[in-house]
Amino acid sequence: DAGITQSPRHKVTETGTPVTLRCHQTENHRYMYWYRQDPGHGLRLIHYSYGVKDTDKGEVSDGYSVSRSKTEDFLLTLESATSSQTSVYFCAISENRVNSPLHFGNGTRLTVT
Amino acid sequence: GENVEQHPSTLSVQEGDSAVIKCTYSDSASNYFPWYKQELGKGPQLIIDIRSNVGEKKDQRIAVTLNKTAKHFSLHITETQPEDSAVYFCAARGGSGNTGKLIFGQGTTLQVKP
């Protein structure tokens, strides 16, 4: 799995509560990404990072924030979880080269009740 | 921005037959097109990719073709086996910027019947 660990693997939380998902990599890759996967929508980019403290929004960033204080860790925070954020969240990494492939972790299944 | 359409959403074939999944993209500057296979409970895994300066690429039973003029690319799996059953995603990376953002298709669930 390309040295990517996502935690937790499963989480159930209530509407309105904050949630933080963690992605840890051991590959020293510069780029890190958060995607969400929903039936009929494939994988949609939430936020990405191109270096420590360098982040930018993806196509579905509303309601999410990210932080990257170290090369190896990329955190995704739901400030106030909503039922529409029930999904499977995947972290991905890629090397410095522009056309290097993405490698994905095994995902976090989040249920907001 | 880039948009990727993938068809069909489900595909059922008999073991030994071929399977073809097609994708179209909107950004003519896109230059990188990977295909991912996702098994149940796991993250997507890269199985083959192609860059815009190449028209076709093969890796054993898997091949990908790219038609830049028509802005579509396809995954071909020959001599399918039950272990090929999975969800397959195509993706395209836009040519602008250097952030490496990939836009994915909606996925195709492939079932190979023994």
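Nothing here was measured: the structure is a model prediction, and the numbers come from that model. Below, chains carry the letters A, B, ... as their sequence lines are ordered, and counting in each starts from 1.
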Practice problem: Drop me the distance from A:Tyr35's OH to B:Phe104's CZ, to the nearest 0.5 angstrom. | Solution: 5.0 Å
Quiz item: Same cluster or not: are B:Leu11 and B:Ile47 linked, directly or through other Ile, Leu, Val, Met, Phe, Trp or Tyr residues, by side-chain heavy atoms under 4.5 angstrom apart?
Solution: yes
Quiz item: Which region of A:Leu43, side chain (C-beta onward) or backbone (N, CA, C, O), has a non-hydrogen atom less than 4.5 Å from a non-hydrogen atom of chain B, or is it both or neither?
Solution: both
Practice problem: Could you state whether B:Tyr32 and A:Tyr33 fall into the same hydrophobic cluster, counting links through intermediate Ile, Leu, Val, Met, Phe, Trp or Tyr residues with side-chain heavy atoms under 4.5 angstrom apart? | Solution: yes
Quiz item: Taking atom CD of B:Glu56 as the centre, does the number of heavy atoms from other residues, nucleotides or ligands within less than 6.0 Å exceed 12?
Solution: yes
Exercise. For A:Gln37 and B:Phe89, work out which heavy atoms get closest and say how close.
Key: NE2-CZ, 3.0 Å
Quiz prompt | Segment of A:Arg9 engaging chain B (4.5 angstrom heavy-atom cut-off) | solution = side chain
Quiz item: Take atom CZ in A:Arg109; do more than 12 heavy atoms of anything else shown fall under 6.0 Å from it?
Solution: no
Quiz item: What about A:Leu78 and A:Val66, same hydrophobic cluster or not, with Ile/Leu/Val/Met/Phe/Trp/Tyr joined at side-chain heavy-atom distances under 4.5 Å?
Solution: yes
Self-check item: B:Pro44, part contacting chain A, at a heavy-atom distance under 4.5 Å
Solution: both
Exercise. Answer with yes or no whether the hydrophobic clustering places B:Leu110 together with B:Trp35; edges join I, L, V, M, F, W, Y residues whose side-chain heavy atoms lie under 4.5 Å apart.
Key: yes
Quiz item: Between A:Asn106 (side chain) and B:Gly43 (backbone), is there a donor-acceptor pair under 3.5 Å?
Solution: yes
Practice problem: Check whether more than 12 heavy atoms from other residues, nucleotides or ligands sit under 6.0 Å from atom CD of B:Glu83, and answer yes or no. | Solution: yes
Practice problem: Could you tell me which portion of A:Gln6 (side chain, backbone, both or neither) has an atom closer than 4.5 angstrom to a non-hydrogen atom of chain B? | Solution: neither
Quiz item: Can you find a heavy atom in the side chain of A:Glu59 that is under 4.5 Å from one in the side chain of B:Ile103?
Solution: yes
Exercise. Determine whether more than 12 heavy atoms belonging to other residues, nucleotides or ligands lie under 6.0 Å from atom CD of B:Gln14.
Key: yes
Self-check item: Between CZ on residue A:Phe90 and CD on residue B:Gln38, distance to nearest 0.5 Å
Solution: 4.5 Å
Quiz prompt | Over all atoms of both residues, closest heavy-atom pair of A:Leu102 and B:Arg93 | solution = CD1-NH2, 3.3 Å
Exercise. Kindly compute the distance separating OG (A:Ser100) from CG (B:Leu46), expressed to the nearest 0.5 Å.
Key: 10.5 Å
